[in-house]
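Reading through the structure tokens given below for one structure.
Atom set for the values below is all heavy atoms of this structure, side chains included, hydrogens, waters and symmetry mates excluded. What you see is a predicted model, and the numbers here were worked out from it, not measured in a lab. In what follows, chains carry the letters A, B, and so on, assigned in the order in which the sequence lines appear, proteins first and then strands, with residues in each chain numbered from 1.
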2 protein chains.
Amino acid sequence: MYERKIPVDLDCPLRLTMSLIDSKWKSCILDELRHRPLRPSELHRQLPEATPRVLDLQLRELVEDGLVAKTIYAELPPRSEYSLTELGASLLPLIDAMIAWGQSHADLFERKYGPRG
Amino acid sequence: MYERKIPVDLDCPLRLTMSLIDSKWKSCILDELRHRPLRPSELHRQLPEATPRVLDLQLRELVEDGLVAKTIYAELPPRSEYSLTELGASLLPLIDAMIAWGQSHADLFERKYGPRG
DNA sequence: TCTCGTACCGAAAATTTTTTCGGTATACCC
DNA sequence: GGGTATACCGAAAAAATTTTCGGTACGAGA
């Protein structure tokens, strides 16, 4: 069984929040789940750059932290769905603020780091 | 010379923002610089859990990304100061939102992961 | 002189994260 | 049977991050 290496940081509110969302795909996962629950395969289609494995690992931590809920349907082929909990949804304003900041400064970084320098 | 391994993510506004602040101490550094410029040694005193080396490395990326400005004073012993740029300061509302979220949910995670489990 | 402090940086080690590859099991369709 | 697909997970490899350790250089003070 996978176990997270670094526990959630309880000492500082800023690092507590960061430690919940600062891995490569967690914020994207929360963003994708904002409208409706998604199955793992659907999530992978939405985030094709992320491997199914890493989505699985990060979903597990999100569930452990209480930001995402997992529902297993006793069907064959197996089906499961991941959805935002109330706690996870309470992070959406933060996600929105990050998206907004990124949008308003995208051109700056595009010029800075983009293909045409 | 140090070179960042992963370039800033230009494809998605959310990951662009995250890629600027998602290493271990960057958000804390921005938070510490909010009131006044700090010298590296002062910053280390404010964040004693971070090694001077990692603060140095992350400051360098923050400067490269334009979030922090470095001023070198031609004195002996050498003195330098790091301060927020306008761009860096524009992230403070985001930092504030993360601090606020962390504060309002600290007790929950304290119960969940704290010493008395 | 010796020690402390400043700022900085290289190199290697250690740690953490992510990827890759393979495997479990089931059902569907051709 | 052989192909698709679903979800999940272990193990090892690869990659990235952070730590540790050492070093540069200079001045202040005991």
Could you list the donor-acceptor pairs under 3.5 angstrom formed between side-chain atoms of residues 39-48 of chain B and any protein atom two or more places apart in sequence or on another chain?
from: B:Glu42; atom 1: OE1; to: B:Arg39; atom 2: N; distance (Å): 2.7
from: B:His44; atom 1: ND1; to: B:Ala50; atom 2: O; distance (Å): 3.0

**OP:** Measure from CG on A:Asp56 to P on C:dC21 and round the result to the nearest Å.
**Re:** 18 Å
Original post:
For B:Ser90 and B:Leu87, which heavy atoms make the closest approach, and how far apart are they?
Top reply: OG-O, 2.5 Å
Original post:
Going by an N to O cut-off under 4.0 Å, is there a salt bridge joining B:Asp11 and B:Arg15?
Top reply: no
Original post:
Atom CD1 of A:Ile72 to atom C1' of D:dA7: distance rounded to whole Å?
Top reply: 9 Å
Original post:
When you check the phosphate oxygens OP1 and OP2 of C:dC8, does a side-chain N or O of B:Tyr82 lie under 4.0 Å from one of them?
Top reply: yes
Atom pairs and distances, donor-acceptor, side-chain atoms in residues 24-31 of chain B, under 3.5 Å, two or more places apart:
from: B:Lys26; atom 1: NZ; to: B:Glu61; atom 2: OE1; distance (Å): 2.7
from: B:Asp31; atom 1: OD1; to: B:Arg34; atom 2: NE; distance (Å): 2.9
from: B:Asp31; atom 1: OD1; to: B:Arg34; atom 2: NH2; distance (Å): 2.9

Original post:
Between D:dA7 atom C1' and A:Leu57 atom CG, what is the distance in whole Å?
Top reply: 13 Å
Original post:
Can you tell me how far P of C:dT17 sits from CD of A:Gln58, to the nearest Å?
Top reply: 9 Å
**OP:** Would you give the length of the straight line joining atom CG of A:Leu84 to atom CG of A:Leu92, rounded to the nearest 0.5 angstrom?
**Re:** 5.5 Å
**OP:** Under 4.0 Å from any atom of DNA chain C, heavy atoms only: list the residues of residues 45-53 of chain B that qualify, in numerical order.
**Re:** B:Arg45, B:Arg53
**OP:** Check salt bridge (charged side-chain N to carboxylate O under 4.0 Å, His left out) between A:Glu81 and all other residues, then give those that pass, not counting sequence neighbours.
**Re:** A:Arg79
**OP:** Select one nucleotide: of D:dT18, D:dC8, C:dC9, the one nearest the side-chain heavy atoms of B:Arg60.
**Re:** C:dC9
Original post:
Is there a residue in residues 14-44 of chain A whose heavy atoms reach under 4.0 Å of DNA chain C, and which residues are they?
Top reply: A:Ser23, A:Lys24
Subject >> A:Leu55 CG - C:dT19 C1' separation (whole Å) >> reply: 12 Å
Subject >> Sugar-phosphate, base or nothing in reach of A:Glu81, heavy atoms under 4.0 Å >> reply: nothing
**OP:** In whole angstrom, give the distance that lies between atom CZ of A:Arg79 and atom P of D:dA7.
**Re:** 9 Å
**OP:** Enter the distance from A:Leu59:CG to A:Leu38:CG here, rounded to the nearest 0.5 Å.
**Re:** 9.5 Å
Subject >> For B:Met18 against A:Ile21, the heavy-atom pair lying closest together >> reply: CE-O, 3.3 Å
Original post:
Phosphate oxygens OP1/OP2 of D:dT6: is one of them under 4.0 Å from a side-chain N or O of A:Ser80?
Top reply: no
**OP:** Check the distance between D:dT6's P and A:Lys70's NZ and give it to me in whole angstrom.
**Re:** 16 Å
Original post:
Going by the ring-ring contact (aromatic ring centres under 6.0 Å, His included) test, which pairs reach into residues 82-110 of chain B, not counting sequence neighbours?
Top reply: B:Trp101-B:His105
